[in-house]
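Report on one structure; see the data block that follows.
If you read the sequence from its start, that first residue is 1, and numbering goes on from there. Quick caveat, the model's predicted, so the values are computed rather than measured.
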Amino acid sequence: MGAVTPPTDRTPKQDRSRATRRRLLEAAVACLAEHGWAGSTVSVVAERAGVSRGAAQHHFPTREDLFTAAVEYVAEERSAALRALPVQGRTDVVAALVDLYTGPLFRAALQLWVAASNEEQLRPRVTELEARVGRETHRIAVELLAADETRPGVRETVQGFLDMARGLGLANVLTDDTARRRRVVAQWAALLDEALGQKPAG
C-alpha cells in the first residue's frame, strides 16, 4: 500500500495571505490619506494593519511597492463599484464620478504624486499607474454617460469633465467643499446633457 499523503493546509494559508495583503493595502491608503508620504512608513502601516513589519515586507519588499500597490488596489475597487452602478440619470453619474476625486483614494493618490515629484525611484511607477487609472476612469465615464465619442468634441467634453472633477477634489483637500460641489455637479450634468444629447433610457 502506498504512503498516505498528509492533508495540506494550503487553501487556508492562501486565504490568510490574501487577507493580510488586503489589510496592508487598505491600511497603506488610509495612512497616506491621513499622514502623507513622510508619515507613512512600512512600520506604521504594518501596525495599523495588525501585522508584523516582516510580514509586510514579505508581501511588499519596498515602501514604493506597498504604496503604489495600495493606490492601484483601491482604484480597481472603485472602478469595479462604478462599473456595477445601475443605469441612472446623468446627475447621479456625475456625482458618483466626482466622488472618485473627493475621498480617501484621491487624498492618498495626491500624496503619492507629491512624493513622486521629488523621488526619482517612485516617479515612473506613479506616472504609469496614474496613466492606467486615468484611461480606465475615462472608459467608465464614457460608458456611464452614454457618450458617443465618434462625434466631434465629445471625447474632449468627457475629459474636461474629469479634469473638473479632479479640480473639485483638490478644492476639497483643505476645506469641506460639499455644498458648492453639489451645485457644480448639477450644472455639469445639465451641460453634459446639452453637449452629449439626452441619455438613452433603459
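In this structure, Arg22 and Arg18 have side chains that are not in contact, with every pair of non-hydrogen atoms separated by 4.5 Å or more. Here the side chains of Phe67 and Leu122 are not in contact, with every heavy-atom distance at 4.5 Å or above. With contacts defined as side-chain heavy-atom distances shorter than 4.5 Å, the pair His58/Thr20 does not qualify. Using a 4.5 Å heavy-atom cutoff, the side chains of Arg125 and Asp65 are in contact.
Between the Arg63 side chain and the Thr41 main chain, no donor and acceptor come within less than 3.5 Å of each other. Thr91 contributes no side-chain N or O that, together with a main-chain N or O of Ala189, makes up a donor-acceptor pair within less than 3.5 Å.
Taken from CD1 in Ile140 to CG in Leu100, the straight-line distance is 7.5 Å, to the nearest 0.5 Å. Note that CZ of Arg182 is 10.5 Å distant from CG of Asp177, once rounded to the nearest 0.5 Å. Taking OG1 from Thr137 and CG from Leu97, the interatomic distance works out to 8.0 Å, rounded to the nearest 0.5 Å. Asp163 contributes atom CG, which lies 8.0 Å from atom OH of Tyr101 (distance to the nearest 0.5 angstrom). To the nearest 0.5 Å, atom CG of residue Leu32 and atom CG of residue Leu112 are 5.0 Å apart. From Asp99, atom CG reaches atom CZ of Arg181 across 7.0 Å, with rounding to the nearest 0.5 Å.
In this pair, Trp188 and Phe161 present their aromatic rings tilted. The plane angle is within the 30 to 60° band.
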- Query: Which is it for Arg21 and Tyr73 under the side chain to side chain contact (heavy atoms under 4.5 Å, CB included) test, yes or no, and what are the steps along the way?
  - Reply: CA-CA 10 Å; Arg21 179 183 172 87; Tyr73 162 75; over 6 Å; no
- Message: side chain to side chain contact (heavy atoms under 4.5 Å, CB included) for His59 and Val51? Distances and angles first, verdict last.
- Response: CA-CA 11 Å; His59 288 276; Val51 304; over 6 Å; no
- Message: Show, in sequence, the C-alpha distance, side-chain angles and deciding distance for Thr68 and Val126, and conclude whether the side chain to side chain contact (heavy atoms under 4.5 Å, CB included) test is met.
- Response: CA-CA 7 Å; Thr68 52; Val126 174; 4.1 Å; yes
- Task: Go through the steps to decide whether Gln159 and Leu162 satisfy the test side chain to side chain contact (heavy atoms under 4.5 Å, CB included), and finish with yes or no.
- Result: CA-CA 5 Å; Gln159 192 57 54; Leu162 291 174; 4.1 Å; yes
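In terms of heavy-atom proximity, Ala146 sits nearest to Arg90 at O-NH2, 3.9 Å. In terms of heavy atoms, Gly169 sits closest to Thr102 at CA-CG2, 4.0 Å. Closest heavy-atom contact between Leu24 and Leu66: O-CD1, 4.2 Å. Here the closest non-hydrogen pair linking Ala46 and Ser52 is CB-O, 3.8 Å. Closest approach of Arg180 to Ala171, counting heavy atoms only: NH2-CB, 3.8 Å. Considering every non-hydrogen atom in both Ala147 and Val158, the closest pair reads CB-CG2, 3.9 Å.
The number of heavy-atom neighbours closer than 6.0 Å to CD of Glu47, taken from other residues, nucleotides and ligands shown, is 12 or below.
Linking ILVMFWY residues whenever their side-chain heavy atoms come closer than 4.5 Å, directly or via other members, leaves Val44 and Val71 in distinct clusters. Clustering ILVMFWY residues whenever any of their side-chain heavy atoms sit less than 4.5 angstrom apart, transitively, puts Val114 in a cluster other than the one holding Leu170.
Ion pair Arg132/Glu128 flagged as a salt bridge, since at least one NZ, NE, NH1 or NH2 atom sits closer than 4.0 Å to an Asp/Glu carboxylate oxygen. Under a 4.0 Å N-O distance rule, the pair Glu34/Arg48 qualifies as a salt bridge.
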